[in-house]
Amino acid sequence: MELSKNYAPATTEDRWYAHWLDKRYFNSKPDGRPAFTVVIPPPNVTGVLHMGHTLNETVQDILVRKARMTGFNACWVPGSDHASIATEAKVVGMLREKGIDKNQLTRPEFMTYAYEWKEKYGNIIYDQIRKLGCSVDWDRVSFTMDAGYYDSVIRVFIDLYQKGLIYRGARMIHWDPQAKTALSDEEVEYRDENGKLTYVNYALVDGAGASLGRSITIATQRPETIMGDTAVCVNPNDPRYQDLRGAFAIVPLVNRRVPIIFDEYVDPAFGTGALKVTPAHDINDYNLGLKHGLPIIDTLNPDGTLSAAAEVFVGTDRFAARKAVVKALKEAGLVVKEEDHLTRLGYSQRTNAVVEPRISTQWFVRMKALAEPALKAVTEGFIHIHPGDKFMATYKYWLENVEDWCISRQLWWGQQIPAWYAPDGSFRVAATREEAYALFGEAGAAAASLGFTAAELRQDEDVLDTWFSSWLWPIEVFKGVTRPGNADIRYYYPTSVLVTGQDIIFFWVARMIMAGLYYFPDSLPMDQRIPFRDVYFTGMVRDNLGRKMSKSLGNSPDLLGLIEKYGADAVRFGIMIASPAGSDLLFDEAALEQGRNFNNKLWNALKLVKGWESRLAAGAGDASAAAGNAAAGQGHFAILWLENRLREARTTIDQLFAEFRLSEALKTLYSLIWDDFCSWYLEWVKPPFGESMDKAVYDHTVRFFEQLIHLLHPYMPFITEELYHLLAERADGDDLCVRQFAAVAAPDAAILAQGNLLKDAITTLRDARNKAQLKPKEPVKLFILPESPAAYRAIMAILSRQVNAESIDFTTEAISGSLTIVAGKDKYYIVTEKALDNGNQKEELLKELGYLKGFLESVNKKLSNERFVQNAKPEVVDLERRKKEDAESKIKAIEESLNA
RNA sequence: GGGUCGUUAGCUCAGUUGGUUAGAGUACUACCUUGACAUGGUAGGGGUCACCGGUUCGAAUCCUGUACGACCCA
């Protein structure tokens, strides 16, 4: 078969993915092997994969494929999240384009549109996951709004309610005026903004309403809320305001009389030291209001316009109202001054609208009781966080200071809260209308005497926060809630490792731990209740200038476009090669280019090896082959050496995997393949032009190549599978994807040292040739004056070919008229017919001599320091002594050759 | 304001419990179209390890502080 010049990923990737699916390699059923379970962090169902996802999915696929090849029953569950606010916003937008107003639709009509939308766009992410080569079990696709999943969310809600861990109440919450829904604390992002601090005069009156003839100046960032003021507060220790006890202020524009209250909450140094108190529109003011029994006047509508309670500018949007109020205040002569002020504004994570603090009746989860065991699971080491040093503290801090979780959202797309209201407003929580109706009866009265029918019950309009469904993900993807104790949940839970972005540590990671510990009873050991044993946090993917990737900057590359351009393997390589766990990744297409070049290198190595197939001849190569045969010696050492290099690298890579240092492991593999295999080994065994290839050497080479692509497969699954099948005919079912790793033997240090000697000799001699401007094709005679000739015997044949020496001989004295090279304790003499310029060479030797003398001096300094010799560990002192001897003999050798 | 982490070559990063005059990749320079690969080969240059002090025989590594940066929380 003719192999193309360069590797073409497009022609192989889809073919192999289809083959793996066909063989059902990614499908998992419980069996006798240990399970390796990963649940995908479900992406937003109507989204697309961005580079952050790409990194996450690649990391997961590497871990899962490695486990699959290491005797585990690997199970990676794919799925997606209904993402209530984001998806509902998209559906509403789509409807608006069609000229349909959501408010004109019934709930079931809207849900039909939403499900249609999901059917249409929900598969985009799955296509991308497939293209990336992810080995997920497609029989296990889960979606947080599937009928069964929906049911599990409702069950958990009811259960938590019955145990008193969910309650309904009026609290100050974050309100998104654009989505017109409540948000949890975690869904608000704060950004610093330049705002204005407006100083406004409030007239003062006494208890009887008589003017005091003066006013108090307050500073506010939100003048549009003054109509909701119900007090003015000053610090009780502020000397400026001591005479205002019992006095009142008049709120401008609405002329409401409000008390002056005293509270240490007020910072006398901020503004004028006087604070307007608006309990309906600020969390601190709300708390002050509670403490001082102030009335609450809500002057905003749900959509962010001023409400009737504001009395002025009713119906005006809050931002327009701010300007209007300031204008009106100025006209009334009440504005003292305005100054620039840096403030922090909260934005809705989903709609980017400025959130409003708002008092509202919502559903909450009591978090304290759930947080305690979740903290314990991590601090006591049942769950390991990687990298731990970075995220342990964050995790701990949040759990120790956790607030109750607002879980109701004023949306339709999501699980509708199973609370049923009677006409009088009282409610019962139950899965169905009938069950709820029955619960009303429990109070003692017969159904008929309740005074209303089941049909009159009204279900709560709100849905649950998306995270209230995704916190059950590791349990319910195995039907652990809806079919407790089933075979899957018993086999696959706890999952092995969770790979996710550090940005959702509170939204999701902490809550999954809470859910797992809550759901599985205390009677079970902790290590069976936790949702996962390891958490691997990936960093944020930024562009090569360090900026966040965003649509508006246009710096977020299209995944499918990248795969088309470089191939999925190259994309995976590029994103992994410089991806330290937990640190931000600066995405650069140059890394993908490196990945593509690596593909090409592998491809060409294959072409080289395949080219030998037709030139095979039995003969040397084996260890048993005739000792005098140069080719035999050559093949033998290269094979021996690479065998041991592979063992060494395997050990390193396994260690790195155990520590989740995947980027490091890939670097090790890259260098093993490119440098050790391609640059050294293949060159060493390559037969001279026109000569035949030794059969035994060839067979070893194919075996090494197999081992290398086997190790690389988790990172670059497509090209490795392709190469595996091109290297040799394979039986049906013999695919790299499922090939198992054999146990690794310990490397022979002596062989590795000999290999290093060989590589050093080649590099040194090539460098010398280069500097003497000897063309590679120009043959030379080489003489070696070695410390130990034995070390050279096995590598002589390789050495002579690699440095183009027509002869190599040992010598015991310097060769006159030669090019002298000092390498360690050994000396090389190059004899050539071409006239040599020794000036360069002398310069080199002098430079080397200078370095060694400096080095020796530093070693001597240490050794002559009595305290060093006394205090340092004996092996360290020994090492220094050896360095001293070594340097001295090298210096001697150089000096000799300089004097020669 | 509180907290966490970081600062090593132009760039992206390694550097294990302190112990060679600090290593990769990439970029750069020179030479090489050789018969797997120019998406390549052979070699080379490049760092006072952010800064000040301290501990130690010895500090990129440990400690105090400073500067800068990132993130989390208020």
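Proteins come first, then strands; the chains are lettered A, B, ... in the order of their sequence lines, and each starts at number 1.
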Under 3.5 Å for both distances, Watson-Crick or G-U wobble, that's the pair rule; now give the dot-bracket for RNA chain B, with | marking pairs to another strand and [ ] for crossing ones. (((((((..((((.....[...)))).(((((.......))))).....((.((..]....)).))))))))).

Please tabulate, for the side chains in residues 393-400 of chain A, all donor-acceptor contacts under 3.5 angstrom to protein atoms that are two or more places apart in sequence or on a different chain.
residue: A/Y395; atom: OH; partner: A/A374; partner atom: O; Å: 2.8
residue: A/W398; atom: NE1; partner: A/E186; partner atom: OE2; Å: 3.4

Taking distance alone, no hydrogens or angles, what donor-acceptor pairs closer than 3.5 Å link side-chain atoms of residues 341-348 of chain A to residues at least two apart or in another chain?
residue: A/H341; atom: NE2; partner: A/Q221; partner atom: NE2; Å: 3.2
residue: A/T343; atom: OG1; partner: A/Q221; partner atom: OE1; Å: 2.7
residue: A/Y347; atom: OH; partner: A/E193; partner atom: OE2; Å: 3.0
residue: A/S348; atom: OG; partner: A/D176; partner atom: OD2; Å: 2.8
residue: A/S348; atom: OG; partner: A/R350; partner atom: N; Å: 3.2
residue: A/S348; atom: OG; partner: A/T351; partner atom: N; Å: 3.2
residue: A/S348; atom: OG; partner: A/T351; partner atom: OG1; Å: 3.3

By the salt bridge (charged side-chain N to carboxylate O under 4.0 Å, His left out) test, which pairs, at least two apart or in different chains, include something from residues 593-608 of chain A?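 Every candidate salt bridge (charged side-chain N to carboxylate O under 4.0 Å, His left out) pair involving residues 593-608 of chain A fails, so no pair, neighbours aside, qualifies.
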
Which residues share a salt bridge (Lys or Arg N to Asp or Glu O under 4.0 Å) with [X], sequence neighbours left out:
| X | value |
| --- | --- |
| A/R615 | none |
| A/E888 | A/K884 |
| A/D654 | A/K66, A/R650 |

Over how many whole Å does the gap from [X] atom [atom1] to [N] atom [atom2] extend?
| X | N | atom1 | atom2 | answer |
| --- | --- | --- | --- | --- |
| A/L656 | B/C13 | CG | C1' | 14 Å |
| A/E659 | B/A14 | CD | P | 13 Å |
| A/L682 | B/G40 | CG | C1' | 14 Å |
| A/I385 | B/C5 | CD1 | P | 14 Å |

Indicate, with a heavy-atom threshold strictly under 4.0 Å, whether [X] touches base, sugar-phosphate, or nothing.
| X | answer |
| --- | --- |
| A/F598 | nothing |
| A/N599 | nothing |
| A/W674 | sugar-phosphate |

base_contact_polar ([N] base, [X] side chain, donor-acceptor, <3.5 Å):
| X | N | answer |
| --- | --- | --- |
| A/K862 | B/C57 | no |
| A/D588 | B/U12 | no |
| A/Q502 | B/A70 | no |

Which residues in residues 662-669 of chain A have at least one heavy atom lying under 4.0 Å from any atom of RNA chain B?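 A/E664, A/K667 - these, ordered by number, are the residues of the stretch whose heavy atoms sit under 4.0 Å from the strand.
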
Using side-chain hydrogen bond (donor to acceptor under 3.5 Å, both in side chains) as the criterion, list what pairs up with [X], not counting sequence neighbours.
| X | answer |
| --- | --- |
| A/N287 | none |
| A/W405 | A/D465 |
| A/D675 | A/S671 |

Passing candidate, side chain to side chain donor-acceptor pair (under 3.5 Å) with A/Y566, options A/E589, A/R572, A/Q594: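 When A/E589, A/R572, A/Q594 are each tested with A/Y566, the side chain to side chain donor-acceptor pair (under 3.5 Å) holds only for A/E589.
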
Look for any protein N or O under 3.5 Å of an N or O in nucleotides 42-46 of chain B and output each such pair with its distance, or none.
residue: B/A43; atom: O2'; partner: A/D767; partner atom: OD1; Å: 3.2

Check this for me: A/E866, atom CD, are more than 12 non-hydrogen atoms of other residues, nucleotides or ligands nearer than 6.0 Å?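 Not buried by this count: 12 neighbours or fewer within 6.0 Å.
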
